[in-house]
A.B. asks: 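Please find one structure pasted underneath; my questions will follow.
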Amino acid sequence: MKQTNKSFGTVFTGHMFVMEWNAEQGWHNQRIQPYQDFVMNPACVNLHYGQEIFEGMKAFRAANNNIVLFRPVNHFRRMNRSAAIMCMPEINVEEVLQWLKKLIITDQQWVPHERGTALYIRPTMIASEVTINLKLASSYTFFIILSPVGSLFSQGFNPVSILVTENYTRASSGGVGQAKAAGNYAASMRAQKEAQRMGCVQVLWLDPVERTYVEEVGAMNIFFVIDNILVTPMLTDSILPGITRQSIIEWSKQNGIVVQERRIAIEEVIIGIENGSVQEVFGCGTAAVISPIGMLHYKGKEYEIGSKQVGPLTKKLFSMLTDIQYGATRDEQHWLELIE
Ligand code: PLP
Ligand code: COI
């Protein structure tokens, strides 16, 4: 077995998938090639105007040494949604999924075995036309790289402290926050730096218009358990529609847990933490799976949630997702796609 990352996303497998697009040929020159640097003209559009989208999904070692993908079609469909928002060409989901499977089979010795590890998959599309004129690019490159990973945060599955930022927002109303566009992540760094300066791990983002309603946490969606109800912000054009979020909602509804997707004011959360009605808070996403939140830092005060212990529903949902991913329980939802 090959090496797993010491630090998330710094080790890559031996091969990559690449293809190119232009209006005459559509997607063409599909190939699996040794992992290698790109030779890029310094006037390439993506380097100047950030026309770039990406995805993040995982493959796991399940029972009998099988390798499975978690909801890959949902990820590639979301990529097409991001492409539409960013005026980039759509991919053929079925065809790209077949190439991804071939790529993973080629590098199968890189899929780690230990529970808690995975092969992180990073499909990416960049505008590749050579011009510094500000216009819609006429050529694009799509590629997939693979990285064996452990947990995203050094804290593992332990509650973290979060800064509720009033100074910055992640995405604008009418902007591209619902797309997995590279620029959204570049724009989040300044708030993240402030959070770390305050001793917090991530930022809780409020809505960009009123700066009142909770949207996301870091690069994750957010859930609350309020009076035994699982509550999450309803989707807006500044929230990324997470596939982990969707999976948690679907499973919870099927298993008798009341779920609400609605607007959640930060004041409601703070009052609820103080009076005990906010019982649990957690972030969720592909890389982190579920990240329990033990403290909110808001307007200079610290609000401790559930005595900084991981709550019962947070634990249950983490086990549910990881048991399915590692084949410890039956995949009744049909979320897994076997690679053969
Ligand atoms: N929100 C943002 C901004 C993200 O980058 C991600 C990660 O992909 C998520 C939420 C969670 O999405 P998913 O569960 O599909 O990984
Ligand atoms: C993911 O959860 O896959 C993410 O996108 C986080 C990533 C930016 C590290």
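Hydrogens, waters and symmetry mates play no part in the numbers below; they use all other heavy atoms, side chains included. We count ligands from 1, going down the list as the structure has it; atoms in each ligand are counted the same way. Not measured: the values here are computed from a predicted model.
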A.B. asks: For C284, is at least one N or O under 3.5 Å away from an N or O on ligand 1?
C.D. replies: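 No.
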A.B. asks: Polar-atom distance check: Y185 versus ligand 2, any N or O pair below 3.5 Å?
C.D. replies: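 No, Y185 has no N/O under 3.5 Å of an N/O on ligand 2.
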A.B. asks: Decide if atom CZ of R122 counts as having more than 12 heavy atoms of other residues, nucleotides or ligands within a radius under 6.0 Å.
C.D. replies: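 Yes, because the 6.0 Å sphere around CZ of R122 holds more than 12 heavy atoms from other groups.
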A.B. asks: Distance to 0.1 Å, residue and atom name: give those for the protein heavy atom nearest to atom 1 (N) of ligand 1.
C.D. replies: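 I find the closest protein heavy atom is E216 OE1, 2.4 Å.
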A.B. asks: Is any side-chain N of the basic residue among D323 and R115 closer than 4.0 Å to the acidic one's carboxylate O?
C.D. replies: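 A salt bridge is present here (some side-chain N lies under 4.0 Å from a carboxylate O).
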A.B. asks: Please report which non-hydrogen protein atom sits nearest to atom 5 (O) of ligand 1, along with the residue it belongs to and the distance in Å to one decimal place.
C.D. replies: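 Nearest neighbour among protein heavy atoms for atom 5 (O) of ligand 1, to 0.1 Å: Y185 OH, 2.5 Å.
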A.B. asks: What protein heavy atom sits nearest atom 7 (C) of ligand 1, and how far away is it?
C.D. replies: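 Nearest neighbour among protein heavy atoms for atom 7 (C) of ligand 1, to 0.1 Å: K180 NZ, 3.2 Å.
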A.B. asks: Please check if the distance between the ring centroids of F70 and W335 is under 6.0 Å.
C.D. replies: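 They qualify: ring centres under 6.0 Å apart.
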A.B. asks: Which residue supplies the protein heavy atom nearest to atom 16 (O) of ligand 1, what is that atom called, and how far is it?
C.D. replies: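 Ranking protein heavy atoms by distance from atom 16 (O) of ligand 1, first comes T286 OG1, 2.6 Å.
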A.B. asks: Checking a contact table here: which protein heavy atom is nearest atom 6 (C) of ligand 1, and how many Å away?
C.D. replies: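 For atom 6 (C) of ligand 1, the nearest protein heavy atom comes out as A219 O, 3.1 Å.
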A.B. asks: Would you mind telling me if ligand 2 is within reach of the side chain of M57, the backbone, both or neither, using heavy atoms under 4.0 Å?
C.D. replies: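 None of M57 does.
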A.B. asks: Could you tell me whether F8 and Y120 have their ring centroids closer than 6.0 angstrom?
C.D. replies: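 They qualify: ring centres under 6.0 Å apart.
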A.B. asks: Going by the atom numbers of ligand 1, which of them fall below 4.0 Å from some non-hydrogen atom of G242?
C.D. replies: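 Taking each heavy atom of G242 in turn, ligand 1 has 12 (O), 13 (P), 14 (O), 15 (O) under 4.0 Å.
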A.B. asks: Is the distance between the ring centroids of F143 and F38 less than 6.0 Å?
C.D. replies: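 Yes, the ring of F143 comes within the 6.0 Å limit of the ring of F38, centre to centre.
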A.B. asks: Is the shortest N/O to N/O distance between Y120 and ligand 2 below 3.5 Å?
C.D. replies: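 Yes, Y120 has an N/O under 3.5 Å of an N/O on ligand 2.
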A.B. asks: Identify the protein heavy atom lying closest to atom 14 (O) of ligand 1, giving its residue, its atom name and the separation to 0.1 Å.
C.D. replies: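 Ranked first by proximity to atom 14 (O) of ligand 1 is T244 OG1, 2.5 Å.
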A.B. asks: Using a 3.5 Å cut-off on N or O atoms only, is R170 in polar contact with ligand 1?
C.D. replies: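 Looking only at distances, the answer is no, because the N/O contact criterion of under 3.5 Å is not met.
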A.B. asks: Is there a polar contact between ligand 2 and A288, counting only N or O atoms under 3.5 Å apart?
C.D. replies: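 N/O-N/O distance under 3.5 Å: no.
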